Amino acid sequence: MAKRGTKLWLMKSEPDVYSIDDLERDGTEPWEGVRNYQARNFMREMAEGDLVLFYHSNAKPPGVAGICRVHRAAYPDPTQFDPKSDYYDAKSKKDEPRWSMVDVGFVEKFAEEVSLQALKDDPALTGMRVTQKGSRLSVQPVDAKHFRRVLKIAKAKTKLR
DNA sequence: GCCAACGTTGGC
DNA sequence: GCCAACGTTGGC
């Protein structure tokens, strides 16, 4: 799976806005519009090749839909300078951009989503950020043991089909 | 639609 | 620097 030293992440997207199917169709996608400092800082730690759990938030049910990969490390999000964009930030300076983004590439769509409930029900995933109440962070690091476990759940479900 | 759990803004 | 008001996220 992951190469030694590769960091592991989870990124949330509302499937009504951008889903794993959209990413499969597009191949790669700039992850624009993150306007939270903590999430931005995590994106700045990402390196090309890092693996990411693609999480569907505000979905019925919410859960991990598949895997993607960091295709390009952090660079300035151009939408912050575009007055017509929803993500425009008048306070951001061109010579010192406030917001960053990464490009992600499609890796895999799970045959069946691993629901948030399934994550919460698994004792091996205790402590995984996304399972904690009130966790709103849209970009977050994932422990290797948790990442492997989510993949294992996804594969087990595939076998049962 | 409700609301808990934040994060941000701005008055003081 | 404090904190009230407000806005957003996201599960339920």
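Letters A, B, ... mirror the listed sequences (proteins, then strands); counts begin at 1. No hydrogens, no waters, no symmetry mates; every other heavy atom, side chains included, goes into these values. Here the structure is a predicted model, which means the values were calculated and not measured.
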All N/O contacts under 3.5 Å from nucleotides 6-10 of chain B to the protein, with atom names and distances to one decimal?
from	atom 1	to	atom 2	distance (Å)
B:dC6	O2	A:Arg136	NH1	2.8
B:dC6	O2	A:Arg136	NH2	2.6
B:dG7	O4'	A:Arg136	NH2	3.3

Member of A:Glu32, A:Arg35, A:Lys84 meeting the side chain to side chain donor-acceptor pair (under 3.5 Å) criterion with A:Thr79: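 Only one option passes, and that is A:Arg35.
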Touch class at under 4.0 angstrom, heavy-atom based, for A:Lys60 against every strand present: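 Since no nucleic acid heavy atom lies under 4.0 Å of A:Lys60, the category is nothing.
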Whole-Å gap separating P (B:dA5) and CD (A:Gln140):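 Atom-to-atom, A:Gln140 to B:dA5, this comes out as 17 Å.
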Distance in angstrom units between A:Lys12 NZ and B:dA5 C1', rounded: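 Answer to the nearest Å: 11 Å.
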Exceeds 12 heavy-atom contacts within 6.0 angstrom, atom CZ of A:Arg40: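 Yes, CZ of A:Arg40 has more than 12 neighbouring heavy atoms, counting only those of other groups under 6.0 Å.
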Name of the residue among A:Asp143, A:Val142, A:Val114, A:Asp122 meeting side-chain contact (heavy atoms from CB on, under 4.5 Å) with A:Arg149: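 In the set A:Asp143, A:Val142, A:Val114, A:Asp122, the residue that makes a side-chain contact (heavy atoms from CB on, under 4.5 Å) with A:Arg149 is A:Asp122.
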ILVMFWY clustering at 4.5 Å (side-chain atoms), partners of A:Trp99: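 Direct or chained contacts put A:Trp99 with A:Tyr37.
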Validation row, ring centre A:Trp31 to ring centre A:Phe54 under 6.0 Å: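 Judged by ring-centre distance (under 6.0 Å), A:Trp31 and A:Phe54 do meet the cut-off.
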